[in-house]
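Just below is one structure, and these are the notes that go with it.
Side chains included, hydrogens not; waters and symmetry mates left out as well; all remaining heavy atoms used. What you are looking at is a predicted structure, and each value in this text was computed from that prediction instead of being measured.
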Amino acid sequence: WLLAGFRGVAEGVAAETARTDDDPVRLAAACGFVADPWQAGFLRSAHLRVLLNCSRQSGKSTVAALRALHLALTRADSLILCLAPAERQAREMFRKIAEGYRALGRPVASETENKLELELANGSRIVALPGKEGTIRGYSGAALLLIDEASRVDDDLYKAVRPMLAVSGGQLVALSTPFGKRGWWYHAWSEGGPDWRRVEAPASECPRISPAFLAEERRALGEAWYLQEYFCSFQDAVSAVFRHED
């Protein structure tokens, strides 16, 4: 009776793991992450170019990490690259991926696992890249390219990584809060046309951020900075002599 009980539990766990394979939202739930509606929509989207313009602390980095983890586990030989303005930020994104992998119980064995790279037995690799144009060249055939804090990534760095998708036809996901009306990320959002799927997630749509906290932030930060950090608004720089429109 006891052995039969253990066998039933094991079969139930295996079945639940298998069910997460075809749906990244279920995989996220298995990691302990309950997706907001916009996060679920992003996780299930097959669009090749995605801009996530999201409030601070809205879960954009976590949901991007879960997208990467799902791809690595379910599609063999996938190369996934995590890029940010600084290596420290790319490592933070990678850490979220590694935490999800461990939370699932390492469903695919790892062959390499350190602070910058996870290589799985199915041939998939996840790599955190330094944020310097001159030191990231050499990677190719990326199935997914994540660019965190994209509004602060230099144009030259962005242009250096795009060719990594040329042959693979991989997905590019750029996530950030705005940082003024400047740079490639702002122009992709405002002028990029139908090539990009745009997802906007202001703080008012995040159930974990309270109205009381937002009221305090508005008083503390001032209107322009508050709208930029929490309501996805591209603001002119305070020091600008002319408006961007002028």
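Counting only distance, with no hydrogens or angles, the side chain of Ser124 and the backbone of Leu120 share no donor-acceptor pair below 3.5 Å. Judged by distance alone, the side chain of Gln228 and the main-chain N or O of Gly180 form a donor-acceptor pair under 3.5 Å. A donor-acceptor pair is defined here as one N or O able to donate and one able to accept, closer than 3.5 Å; such a pair exists between the side chain of Asn53 and the backbone of Cys232. Not a single donor-acceptor pair under 3.5 Å links the side chain of Glu205 to the backbone N or O of Pro202. Looking only at distances, a side-chain donor or acceptor of Asn114 sits under 3.5 Å from a matching main-chain atom of Glu117. Although no hydrogens or angles enter the test, the distance criterion places a donor-acceptor pair under 3.5 Å between the side chain of Ser151 and the main chain of Thr177. The closest donor-acceptor contact from the side chain of Ser45 to the backbone of Phe42 lies at 3.5 Å or more, if one exists at all. Side chain of Lys60 to backbone of Ser55: a donor-acceptor contact under 3.5 angstrom is found. Under the 3.5 Å distance criterion, the side-chain polar atoms of Ser78 are matched with a main-chain donor or acceptor of Arg75. At distances below 3.5 Å, not a single donor-acceptor pair connects side-chain atoms of Ser58 with backbone N or O atoms of Cys206.
Cluster annotation: Tyr226 and Phe213 are assigned to the same hydrophobic cluster (Ile/Leu/Val/Met/Phe/Trp/Tyr, side-chain heavy-atom contacts under 4.5 Å, transitive). Hydrophobic clustering of Ile, Leu, Val, Met, Phe, Trp and Tyr side chains at less than 4.5 Å, counting indirect connections, unites Ile209 with Leu227. Hydrophobic clustering, with ILVMFWY side chains joined whenever heavy atoms are under 4.5 angstrom apart, keeps Val34 apart from Val25. Criterion: ILVMFWY side-chain heavy atoms under 4.5 Å apart, direct or through other members. Under it, Leu116 and Leu144 are not part of a common hydrophobic cluster.
His187 NE2 to Lys181 NZ: the interatomic distance, rounded to the nearest 0.5 Å, is 11.0 Å. The line from CG of Leu165 to CG of Leu172 is 6.0 Å long, rounded to the nearest 0.5 Å. Leu71 contributes atom CG, which lies 11.0 Å from atom CG of Leu27 (distance to the nearest 0.5 angstrom). Taking CG of Leu81 as the start and CE of Met93 as the end, the distance is 12.0 Å to the nearest 0.5 Å. For the atom pair Leu69 CG and Ile97 CD1, the distance stands at 7.5 Å (nearest 0.5 Å). Between the CD1 atom in Ile147 and the CH2 atom in Trp184 there is a gap of 4.0 Å [rounded to 0.5 Å].
For the residue pair Asp155 and Gly183, the shortest heavy atom distance occurs at OD1-CA, 3.7 Å. Annotation for Val50 and His47: closest pair CG2-O, 3.6 Å, computed over non-hydrogen atoms. Closest non-hydrogen pair, Leu104 versus Ala30, comes out as CD2-CB, 3.6 Å. Heavy-atom minimum distance, Ile126 versus Ala72: CD1-CB, 3.8 Å. Across Asn122 and Ala76, no two heavy atoms sit closer than the pair O-CB, 3.2 Å. Between Lys115 and Phe94, the shortest heavy-atom distance links the atoms O-CD2, 3.3 Å.
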Worked verdict on Leu118 versus Thr112 for side chain to side chain contact (heavy atoms under 4.5 Å, CB included): CA-CA 5 Å; Leu118 174 64; Thr112 302; over 6 Å; no

Candidate pair Asp23 and Arg44, rule side chain to side chain contact (heavy atoms under 4.5 Å, CB included), full reasoning: CA-CA 7 Å; Asp23 187 352; Arg44 290 172 172 148; 2.8 Å; yes

CA sep, side-chain torsions, deciding dist, call: Val167, Ser140, side chain to side chain contact (heavy atoms under 4.5 Å, CB included): CA-CA 8 Å; Val167 175; Ser140 62; over 6 Å; no

Criterion side chain to side chain contact (heavy atoms under 4.5 Å, CB included) on Glu217 and Glu229, from CA distance to verdict: CA-CA 10 Å; Glu217 289 294 275; Glu229 296 294 281; over 6 Å; no

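Gln57 CD: 12 or fewer foreign heavy atoms inside a 6.0 Å radius. By the neighbour-count criterion of 12 heavy atoms within 6.0 Å, atom CZ of Arg198 is densely surrounded, having more than that number from other residues, nucleotides or ligands.
Side-chain atoms of Trp38 and Cys54, non-hydrogen and from C-beta on, do get closer than 4.5 Å to each other. Counting heavy atoms from C-beta on, the side chains of Val63 and Leu43 come closer than 4.5 Å. Using a 4.5 Å heavy-atom threshold, the side chains of Arg152 and Gln89 count as separate. For the pair Val173/Leu175, a side-chain contact is recorded, criterion being any heavy-atom separation below 4.5 Å from C-beta on. Between Leu52 and Arg197 the shortest side-chain heavy-atom distance does not fall below 4.5 Å. Tyr139 is listed as a side-chain neighbour of Arg125, based on a closest heavy-atom distance under 4.5 Å. Taking the side chain as every heavy atom from C-beta outward, Ser204 and Phe231 approach each other to under 4.5 Å.
Residues Arg208 and Asp36 are paired through a salt bridge, judged by an N-O separation under 4.0 Å between the basic side chain and the carboxylate. Salt-bridge annotation for Arg95 and Glu92: present, with a side-chain N of the basic residue lying under 4.0 Å from a carboxylate O of the acidic one.
With ring centers used as reference points, Trp225 lies 6.0 Å or more from Tyr230.
Judged purely by distance below 3.5 Å, without hydrogens or angles, the side chains of Gln171 and Arg67 pair a donor atom with an acceptor atom.
A side-chain contact (heavy atoms from CB on, under 4.5 Å) with Trp185 holds for exactly one of Phe234, Tyr158, Phe179; it is Phe234. With Leu145 as the partner, the side-chain contact (heavy atoms from CB on, under 4.5 Å) test is satisfied by one option alone out of Leu79, Ile80, Val161: Val161.
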